[in-house]
Asks: 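The following block contains the structure, expressed as structure tokens.
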Amino acid sequence: MTQAIRSRAGGRAARRAIRTAPNRTMLPGLTGALPLCEVMDGAQVEKIDDASMSILENVGVQFRDPIAIDDWKRAGAKVEGERVYLDRGLVRELIATIPSEFTYHARDPQKNLRLGGRHSVFVPMTGAPYLRDLDDVRRNPTLDDLAMFHKLSHMLPALHSSAHHIVEPYDHPISQRHLRITYSSMKHSDKMFMGMTTSPKNAEDVMEMCAILFGAEFMETHPVTTGNCNGNSPLVWDETMLGAMRAFCRRNQPVLCSPFVLGGANTPANVPATVAQLNAEALSALAYTQVIRKGAPAIYGHYLSTVSMKSGAPMAGTPEISLMNFMIGQMARFYGVPWRTSNTLGGAKTFDAQAGYESATTLSAVIHSGANYIWHSAGWNEAGMHCSVAKFVVDAEQCAMAHRMGSGPQWDGFDDAIAAVADVGPGGHYLGHPHTQENFQTAYFMPELFDNNSIEQWVAEGSQDITERALKYARKLLSEYEEPKLDPAKNDALLDYIARREREIPAADELNQSY
């Protein structure tokens with residue numbers, strides 16, 4: 001072989017290596033370009049608003065927390081015992097100060113993300129008491145398993161966050177668990193993350209750890225994490241959630257104000273009425289965030305499920321959940337606040353066709369409803385009882401596909417592509433055309449985890465199903481993982497803080513409410 005031939009071959013090989021090298025760069029936040037699916041007209045939006053405001057004024061909401069009760073009295077609300085009656089004028093005045101958009105600041109500034117308006121992020125699932133591991137075995141998780149999911153979150157481009165307790169680490173005491181969970185989120189990824197709100201004291205610990213990582217003054221003007229506060233439907237907010245909400249809002253950190261809907265069980269058996277109740281619950285919490293601190297970022301949240309009247313079990317992927325997502329999106333935009341929903345949910349016990357159908361149905365509705373904080377975007381199965389490694393990586397690829405679709409048609413290069421039509425002409429093909437050679441990798445999304453080969457090739461390669469391919473891919477990602485190192489001084493300070501708090505908080509199988 002001559003030197004010239006060797007050079008050309010080497011050049012081709014080098015270019016091929018560049019083309020085929022995996023790209024683990026985080027996708028930018030999704031800026032939605034598709035028309036939004038709005039299933040209500042203006043009169044119906046106002047009907048939901050009026051019904052919700054009537055609930056707040058005439059039925060009221062229970063705030064089972066003496067501090068919140070005193071806060072509401074000072075704010076001018078009518079209070080009877082734990083029941084707070086909110087005048088619609090007061091509610092509108094308070095929620096008007098919630099920022100319609102803001103920017104999350106990650107440890108790596110290149111991974112900062114805008115939220116609100118048409119700006120959206122994908123966040124993995126959290127809270128699973130079990131996992132299906134790299135061998136597809138369902139078992140109790142450990143802190144190492146949590147670290148594995150945080151590493152995968154770091155590696156998967158469509159995931160914008162490492163969340164927090166993706167799975168519950170059972171090898172650590174409940175009372176101290178929040179410290180190790182938060183450190184794992186910070187250590188194994190430099191993307192944004194969530195903060196534990198399992199008790200007010202735990203939330204305060206998270207705020208102190210964030211202050212070590214980012215600086216207390218920085219947090220005063222920059223959102224760096226997210227707390228989730230779940231309501232107890234119907235129409236109750238409890239002391240644990242409200243105390244955690246105060247810890248976040250006082251430090252100017254956003255919280256998800258999330259009623260927990262089991263349609264037909266803790267809401268009326270009617271979709272619009274369910275939305276009206278949920279809307280009232282969310283508005284009452286959103287308003288309270290502004291009583292705590294005017295101008296603090298807050299997110300209209302919810303968890304949506306319908307209940308099987310055969311078994312009482314929560315269901316996912318039903319038509320009513322999609323309709324509620326469309327409606328809630330309209331209500332959040334009506335009030336001008338960012339909103340959160342849940343994604344890729346399923347009740348299947350394994351990563352099977354049911355899991356795929358349920359997740360795809362949910363994902364489609366979420367994208368077309370214009371959700372901003374898209375939580376539970378990877379791994380959710382068995383109604384949230386386990387996080388599946390296989391489903392985690394496939395869900396993340398589905399989110400990447402949704403990101404591509406939600407961004408709308410890309411018009412760059414349109415004129416060059418049209419020019420190729422004249423070059424090829426009738427009866428030709430585009431496979432060898434220079435334009436195709438230059439653009440084939442980016443023109444169409446090519447999934448890594450779906451098999452589109454012939455059945456003969458599939459059999460020759462071992463007849464692997466999606467679960468086998470996904471687990472193999474997860475192992476590959478973990479073998480390539482490189483830790484984004486924390487600043488040594490901050491790392492030492494975080495570990496010192498954890499060690500001190502673990503000495504102060506008794507190791508116990510209950511939440512830390514006192515220490």
Side-chain angles (χ1 to χ4, degrees), residues 64-65 123-133 137-151 153 161-189 193-210 212-213 225-232 236-248 253 255-256 258 260 303 375-376 379-389 494-515:
R64 295 177 178 170
D65 173 57
V123 180
M125 80 160 291
T126 65
Y130 299 95
L131 84 155
R132 278 194 174 272
D133 62 18
V137 174
R138 186 183 185 275
R139 59 174 174 80
N140 288 337
T142 66
L143 198 58
D144 286 342
D145 294 317
L146 177 63
M148 171 190 66
F149 281 114
H150 286 156
K151 292 172 184 178
S153 300
S161 171
S162 59
H164 46 33
H165 66 316
I166 295 173
V167 291
E168 285 286 347
Y170 283 103
D171 55 345
H172 214 70
I174 291 176
S175 59
Q176 301 174 357
R177 198 175 286 172
H178 64 288
L179 300 164
R180 295 293 173 176
I181 291 168
T182 303
Y183 179 66
S184 182
S185 303
M186 293 174 166
K187 173 182 172 65
H188 297 298
S189 176
F193 56 91
M194 297 184 73
M196 300 291 290
T197 54
T198 40
S199 79
K201 294 293 185 183
N202 290 356
E204 290 168 9
D205 280 333
V206 171
M207 291 296 95
E208 290 303 315
M209 293 177 72
C210 287
I212 291 170
L213 185 59
T225 189
T226 311
N228 178 58
C229 297
N230 281 122
N232 299 323
V236 174
W237 291 94
D238 66 30
E239 186 175 19
T240 298
M241 292 288 93
L242 293 169
M245 183 183 292
R246 286 191 292 270
F248 274 69
Q253 298 305 303
V255 289
L256 312 173
S258 302
F260 194 93
Y303 173 82
W375 195 9
H376 301 315
W380 180 288
N381 222 11
E382 196 188 337
M385 289 298 291
H386 81 250
C387 183
S388 159
V389 174
L494 286 166
L495 292 174
D496 288 345
Y497 183 84
I498 292 169
R500 174 171 68 80
R501 291 295 287 143
E502 287 183 339
R503 290 192 300 270
E504 294 169 349
I505 303 169
D509 289 331
E510 58 187 19
L511 294 177
N512 168 36
Q513 299 280 17
S514 305
Y515 294 89

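Values reported hereafter were calculated over all heavy atoms of this structure, with side chains retained and with hydrogens, waters and symmetry mates removed.
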Asks: Please check this pair: side chain of S161 against backbone of V123, looking for a donor-acceptor N/O pair closer than 3.5 Å.
Replies: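 No; zero donor-acceptor contacts below 3.5 Å.
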
Asks: Between I166 and C387, what is the shortest heavy-atom contact and its length?
Replies: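 Result for this residue pair: CG2-SG, 3.8 Å.
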
Asks: How long is the span from the SG atom in C229 to the CZ atom in R246, to the nearest 0.5 Å?
Replies: 10.0 Å

Asks: Verify side-chain contact (heavy atoms from CB on, under 4.5 Å) between S162 and M186, making sure each step is shown before the conclusion.
Replies: CA-CA 8 Å; S162 59; M186 293 174 166; over 6 Å; no

Asks: For V137 and D133, work out which heavy atoms get closest and say how close.
Replies: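 Scanning both residues, the minimum pair turns out to be N-OD1, 2.9 Å.
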
Asks: Kindly determine whether E502 and H172 satisfy side-chain contact (heavy atoms from CB on, under 4.5 Å), including the steps that lead there.
Replies: CA-CA 11 Å; E502 287 183 339; H172 214 70; 2.9 Å; yes

Asks: Among L256, T197, T226, find the residue that satisfies the side-chain contact (heavy atoms from CB on, under 4.5 Å) test when tested with F248.
Replies: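 Result for side-chain contact (heavy atoms from CB on, under 4.5 Å) with F248: T197.
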
Asks: When rounded to the nearest 0.5 angstrom, what is the spacing between CG in N512 and CD in E510?
Replies: 9.0 Å

Asks: What are the two closest heavy atoms between Y497 and I212, and how far apart are they?
Replies: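 In this case the closest contact between Y497 and I212 is CB-CD1, 3.8 Å.
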
Asks: Taking all atoms of both residues into account, what is the closest heavy-atom pair of V167 and P169, and its distance?
Replies: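 Nearest pair, atom of V167 first, then P169: O-CD, 3.3 Å.
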
Asks: Got L511 and H178 here, is their nearest side-chain heavy-atom distance under 4.5 Å?
Replies: no

Asks: Supply the atom-to-atom distance S153 OG to F193 CZ, rounded to the nearest 0.5 angstrom.
Replies: 13.5 Å

Asks: Apply side-chain hydrogen bond (donor to acceptor under 3.5 Å, both in side chains) to Y130 and list each qualifying residue two or more places apart in sequence or on a separate chain.
Replies: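 Residues passing side-chain hydrogen bond (donor to acceptor under 3.5 Å, both in side chains) with Y130: none at all.
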
Asks: Applying side chain to side chain contact (heavy atoms under 4.5 Å, CB included), can you list everything that pairs with S184, at least two apart in sequence or on another chain?
Replies: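 For S184 the side chain to side chain contact (heavy atoms under 4.5 Å, CB included) partners, ignoring immediate neighbours, are L146, A147, H150, H188.
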
Asks: Under the salt bridge (Lys or Arg N to Asp or Glu O under 4.0 Å) definition, can you give me all pairs with a residue in residues 195-205, not counting sequence neighbours?
Replies: D205-R501

Asks: For T240 and S199, work out which heavy atoms get closest and say how close.
Replies: CG2-CA, 3.8 Å

Asks: In chain order, what residues pass the ring-ring contact (aromatic ring centres under 6.0 Å, His included) check against H376, with sequence neighbours excluded?
Replies: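 Partners of H376 under the ring-ring contact (aromatic ring centres under 6.0 Å, His included) test: W380.
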
Asks: Evaluate the side-chain contact (heavy atoms from CB on, under 4.5 Å) criterion for residues I498 and R180: first the C-alpha distance (whole Å), next the side-chain angles of each, then the deciding distance (0.1 Å), finally the verdict.
Replies: CA-CA 8 Å; I498 292 169; R180 295 293 173 176; 3.7 Å; yes

Asks: Return yes if some donor-acceptor pair links the side-chain N/O of S185 with the main-chain N/O of A163 below 3.5 Å, else return no.
Replies: yes

Asks: Might you work through the side-chain contact (heavy atoms from CB on, under 4.5 Å) test for M148 and L131, ending with a clear yes or no?
Replies: CA-CA 11 Å; M148 171 190 66; L131 84 155; 4.1 Å; yes

Asks: Any side-chain heavy atom of N381 sitting closer than 4.5 Å to one from R132?
Replies: no

Asks: Could you tell me which non-hydrogen atom of S175 sits nearest to which non-hydrogen atom of P506, and how far apart they are?
Replies: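 Of all heavy-atom pairs spanning S175 and P506, the closest is OG-O, 2.6 Å.
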
Asks: Rounded to the nearest 0.5 Å, what separation is found between the NE2 atom of H386 and the CZ atom of R139?
Replies: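 Answer for the NE2-CZ pair, H386 versus R139, is 12.5 Å.
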
Asks: Looking at CE of M209 and CG of L179, how far apart are the two atoms once the value is rounded to the nearest 0.5 Å?
Replies: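 It comes to 6.0 Å.
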
Asks: For S258 and N228, does a side-chain donor sit closer than 3.5 Å to a side-chain acceptor?
Replies: yes

Asks: Where the side chain of E504 meets the backbone of Y515, is there a donor-acceptor pair that is under 3.5 Å apart?
Replies: no

Asks: So, using side chain to side chain contact (heavy atoms under 4.5 Å, CB included) as the criterion, who are the partners of Y170 when residues are at least two apart?
Replies: P129, N140, P141, E168, R177

Asks: Taking salt bridge (Lys or Arg N to Asp or Glu O under 4.0 Å) as the test, write out the residues that go with E382, two or more places apart.
Replies: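 For E382 the salt bridge (Lys or Arg N to Asp or Glu O under 4.0 Å) partners, ignoring immediate neighbours, are R138.
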
Asks: Quick check for you: to the nearest 0.5 Å, what is the distance between I181 atom CD1 and M196 atom CE?
Replies: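 So the gap between those two atoms works out to 4.0 Å.
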
